[in-house]
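One structure is given here, and the rest of the page talks about it.
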Amino acid sequence: MGVVLGIESSCDETAAALVAGDRTIIAQAIASQDEAHAPYGGVVPEIAARAHAERLAPMIEAVMRDGGLKLGDLDAVAATAGPGLIGGVMVGLVTAKALAMAGEVPLMAINHLEGHALSPRLADPALAFPYALLMVSGGHCQILRVEAVGRYRRLATTIDDALGEAFDKTAKILGLGFPGGPAVERLAREGDPKAVLLPRPLVGSGEPHFSFAGLKSAVLRAHQSGLHADADLAASFQQAAIDCVVDRLTHALHAMEPVETLVVAGGVAANQAVRRALESLAAAQGLRFSAPPPALCTDNAAMIAWAGQERLAIGAPFDPLDIAARPRWPLDPAAEPVRGAGYKA
Ligand code: KG4
Ligand code: ZN
């Protein structure tokens, strides 16, 4: 069974993993940079790139040792080549090129979003194409119809903030530190989701997209009013965000060609309340529900190695050693840009 080495360095997680074609994660290592970025309340690109440069090579060495493999044993080296913070992406991609050269093995430049989009199939062997995918991370918030490896139809994206960004900004407002998503989820468990009346942007709208900027501003005003307990604000924010997601997905599921499974991936998919709401939505729509375990939802290298395995399985071409890192790299190049969308792919 062939093995792919995966490398991830597009944001603030440095990661390496060995994944076999039968879905076995042979070895993996991951280091988050939370402490380095925490004083700034967000990821600082220069600090991230330097940390990747320091940590990545020893992590790959450790993973190869754990797996008992030599470079020449690999079927391919797969690295995230974008989208993401370009300094970090370059560290991972250049490292992969050097390893591919040294081991005389093929190189695969992987789209980080494709890693997230296919990660549910690493965890769930029964998950067949096509499926409806809610991809929710710190930088992206999209609904896609995943039709095959390399074929993604984007039905919706955000016109302002991504969902993970909304969680992170809410955490900042409430003084919960960075990264914010897990902290908001923990605090929300102690609060009343109906305590604070917050807007649900674009709910009921005929256009398919997401918007979270107005929700974040409303959380800020409610916090400044001093009238609400932080736990109630966290719970009410999380509920409003979930209501938006459920409404937008319902809209998209009606607009897309039929699928049998609703899937969620990306960092916010680690949120248990979000998972429960989507599970109910799937049941109500007569769909199967699939979500990777939380450790495969947030950034990791196993999903990059798995995307490499998926590409190997369809005989996709390898990439040349001069392939460029891409700060932007939409999964569906044919999707129309949306009003107000900033840097989102
Ligand atoms: O996929 P990911 O690790 O990195 C990106 O590609 O962006 O996603 C990170 C995002 C952050 O915004 C983080 O706050 C959010 O996912 N996140 C969560 C939870 N765990 C991570 N949001 C809500 N609840 C969680 N439990
Ligand atoms: Zn990600």
Side-chain angles (χ1 to χ4, degrees), residues 6-15 17 30-34 37-38 41-43 45 48 52 79-86 88-89 92 110-120 133-142 144 157-158 161-174 176-189 210 212 215-216 219 234-235 237-242 244-245 264-278 291-304 306-307 327-329 331 343-345:
I7 293 173
E8 163 59 36
S9 59
S10 66
C11 191
D12 59 342
E13 247 84 44
T14 315
I30 183 158
S32 99
Q33 306 170 2
D34 291 349
H37 301 289
V43 179
H52 291 306
T80 293
L85 301 173
I86 195 67
V89 172
I110 303 290
N111 184 320
H112 177 82
L113 300 175
E114 182 166 55
H116 279 302
L118 298 175
S119 65
L133 172 70
L134 172 71
M135 182 152 59
V136 276
S137 69
H140 300 273
C141 186
Q142 305 185 354
L144 299 144
T157 187
T158 178
D161 294 348
L163 183 53
E165 211 174 340
F167 270 92
D168 292 335
K169 287 176 176 171
T170 295
K172 205 166 184 174
I173 291 167
L174 299 179
L176 299 178
F178 173 84
V184 170
E185 180 180 10
R186 272 195 302 278
L187 187 59
R189 282 196 208 111
F210 294 93
F212 293 107
L215 173 56
K216 170 206 63 193
V219 170
F237 157 77
Q238 185 170 273
Q239 189 57 53
I242 287 172
C244 293
V245 166
V264 64
V268 186
N271 183 295
Q272 295 300 324
V274 169
R275 291 164 85 101
R276 278 197 301 275
L278 296 178
L296 278 182
C297 292
T298 46
D299 286 347
N300 64 87
M303 72 179 189
I304 302 304
W306 176 249
R328 294 178 189 212
W329 188 358
L331 266 189
Y343 77 101
K344 275 95 199 167

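Order of listing sets the numbers, starting from 1, for every ligand and every atom in it.
- A distance of 9.5 Å separates CH2 in Trp329 from CG in Leu113, rounded to the nearest 0.5 Å.
- Ligand-side atoms of ligand 1 in range of Gly164: 12 (O), range being under 4.0 angstrom from any heavy atom.
- Ligand 1 has no N or O atom lying under 3.5 Å from any N or O atom of Gly266, backbone or side chain.
- Here His112 meets the criterion, with an N, O or S atom under 2.8 Å of the Zn ion (ligand 2).
- Polar contact with ligand 1: present for Asp168 (N/O pair, distance under 3.5 Å).
- Under 2.8 Å from the Zn ion (ligand 2) lies no N/O/S atom of His140, from backbone or side chain alike.
- Looking only at N/O/S atoms, Asp299 comes nearest to the Zn ion (ligand 2) through OD1.
- The nearest heavy-atom contact from the protein to atom 2 (P) of ligand 1 is Asp299 OD1, 3.4 Å.
- For atom 23 (C) of ligand 1, the nearest non-hydrogen atom from the set Asp12, Asn271, Thr80, Val184 belongs to Asn271.
- Nearest-heavy-atom check against atom 10 (C) of ligand 1 across Ser10, Gly138, Pro83, Gly139 picks out Gly138.
- Remark: minimum distance from atom 21 (C) of ligand 1 to any protein heavy atom is reached at Gly267 O, 3.4 Å.
- Of the protein's non-hydrogen atoms, the one nearest atom 26 (N) of ligand 1 is Glu185 OE1, 2.8 Å.
- With ligand atoms numbered from 1 in the order given, ligand 1 contributes 1 (O), 6 (O) to contacts under 4.0 Å with heavy atoms of His116.
- In this model, no donor atom of one side chain and acceptor atom of the other lie less than 3.5 Å apart for Asp12 and His52.
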